Amino acid sequence: FFKDKAYLVTFKKVDPFYVVDVAAPSSLAILGELELPGYSSFLQPIGNDLIFGIGKDAKGGDDSFAWYQGVKVGLFNVASPMEPSLVDEFVLGKRGSSSAAELDHKAITIIPSVEGNQWRVALPVSINAEPNAGNSWTRDPDAQHYNWSFDALFLFDITGNEHAQGASLIRNDFLETARSDNTLRRSSFYGINGSVLKGDSVHYFYGGTLWSADWSFPEITNVVDEGS
């Protein structure tokens, strides 16, 4: 919900993104909709005319359903409520990939940038993209799960003025915290993982360890273990 509008999705095979007028609770009205593959499980207003979404891509299946795939992030333009549109989207990983932000909104960090009309987004994602893990009960290639590859904090820039003109969703690099080859060990810590963005600094608490890096060079990290 944002001001006098509600933004929501439903999912069976495609993801209708709805804009609903809730100004008069006794006479709700659907103003516009946009159909896309997959679904969004988290929606966040950005400024007055943009919506940032997190969910899953989907494809295949039959007339009644589709198989979910990798984590999908997208930016919607709702400046014209009767004609919502997709600005940009990215699919991260393959079937089996996930983000903690799908279930816990505190896992994602979104802050306005100092430049104005820009925002920064830090999103934790567990990427599954290793060789196909198989599926014992169907040969449908879209239904096959993939093995885990790595965990990382993905960084995005959002641009656009108050009327969403010139809006864009830009995927930057990512801060990698665990890797399947064990050169970075996956955490067995099940506590809260979260990030803090301050200036050009990125701080990410993952698995009892604090990772710090520069926004422009997240592959170069400083690490402080919980026991340090």
Side-chain angles (χ1 to χ4, degrees), residues 1-93 97-99 101-123 125 142 154-172:
F1 294 91
F2 185 65
K3 296 185 177 179
D4 60 353
K5 305 290 191 301
Y7 303 96
L8 60 120
V9 300
T10 59
F11 174 71
K12 189 173 185 180
K13 185 175 177 65
V14 295
D15 167 12
F17 172 86
Y18 291 105
V19 181
V20 181
D21 186 347
V22 296
S26 60
S27 57
L28 303 180
I30 295 176
L31 300 177
E33 64 180 86
L34 175 66
E35 287 196 354
L36 298 166
Y39 65 88
S40 297
S41 54
F42 174 89
L43 295 171
Q44 173 66 43
I46 301 292
N48 291 322
D49 299 309
L50 295 170
I51 301 289
F52 179 77
I54 304 167
K56 293 286 179 65
D57 190 25
K59 61 182 179 179
D62 57 27
D63 291 339
S64 62
F65 78 99
W67 300 105
Y68 70 83
Q69 302 297 311
V71 174
K72 183 167 71 171
V73 298
L75 185 66
F76 301 92
N77 182 340
V78 292
S80 175
M82 292 182 289
E83 296 180 339
S85 61
L86 179 68
V87 175
D88 286 310
E89 69 175 5
F90 296 94
V91 177
L92 309 175
S97 302
S98 62
S99 172
E102 295 177 73
L103 299 175
D104 180 6
H105 69 276
K106 293 181 180 179
I108 184 174
T109 301
I110 303 176
I111 65 168
S113 175
V114 294
E115 287 81 4
N117 293 327
Q118 296 186 25
W119 293 262
R120 285 179 169 178
V121 179
L123 175 69
V125 182
D142 295 323
F154 283 77
L155 307 179
F156 299 87
D157 282 300
I158 296 174
T159 64
N161 64 19
E162 286 301 300
H163 300 289
Q165 294 177 350
S168 64
L169 175 65
I170 302 167
R171 176 184 160 179
N172 297 313

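Not measured: the values here are computed from a predicted model. FYI, side chains are in, hydrogens and waters are out, and symmetry mates aren't considered; it's all heavy atoms of this structure. This chain uses plain numbering: 1 for the first residue, then up along the sequence.
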How about [X] and [Y]: do any of their side-chain heavy atoms sit closer than 4.5 Å?
X	Y	value
Trp67	Lys59	no
Ile170	Phe156	no
Leu92	Arg171	yes
Asp142	Gln69	yes
Leu31	Val20	no
Leu86	Leu36	yes
Ile158	Leu50	yes
Thr109	Val121	no

Shortest non-hydrogen contact from [X] to [Y]?
X	Y	result
Val22	Ala6	CG1-CB, 3.8 Å
Pro84	Pro81	CD-O, 3.4 Å
Ala107	Ala101	CB-N, 3.8 Å
Ala58	Pro37	O-CB, 3.6 Å

- prompt: Ring centroid separation for Phe76 and Phe17, is it under 6.0 angstrom?
  reply: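 Under 6.0 Å, so yes.
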Nearest 0.5 Å, please: how far is [atom2] in [Y] from [atom1] in [X]?
X	Y	atom1	atom2	result
Tyr68	Ser41	OH	OG	12.0 Å
Ser40	Leu8	OG	CG	10.5 Å
Leu123	Ser99	CG	OG	4.0 Å
Ile110	Gln44	CD1	CD	4.5 Å
Tyr7	Leu43	OH	CG	10.5 Å
Ser168	Gln118	OG	CD	8.0 Å

message: Using only atom types and a distance under 3.5 Å, with no angle test, would you say the side chain of Asp88 pairs donor to acceptor with the backbone of Leu169?
response: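 Yes, Asp88 side chain to Leu169 backbone: donor-acceptor pair under 3.5 Å.
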query: Would you say Lys56's side chain and Ser98's backbone share a donor-acceptor pair under 3.5 angstrom?
result: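 No; judged by distance alone, with no hydrogens or angles, the pair does not exist.
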task: Quick one: do Asp157 and Asn172 satisfy side-chain contact (heavy atoms from CB on, under 4.5 Å)? Show the steps, please.
output: CA-CA 7 Å; Asp157 282 300; Asn172 297 313; 2.7 Å; yes
field: Residues Phe42, Glu102; criterion side-chain contact (heavy atoms from CB on, under 4.5 Å); working and verdict
entry: CA-CA 6 Å; Phe42 174 89; Glu102 295 177 73; over 6 Å; no
- request: Test side-chain contact (heavy atoms from CB on, under 4.5 Å) on Ile108 and Ile54 and set out the steps.
  value: CA-CA 10 Å; Ile108 184 174; Ile54 304 167; 3.4 Å; yes
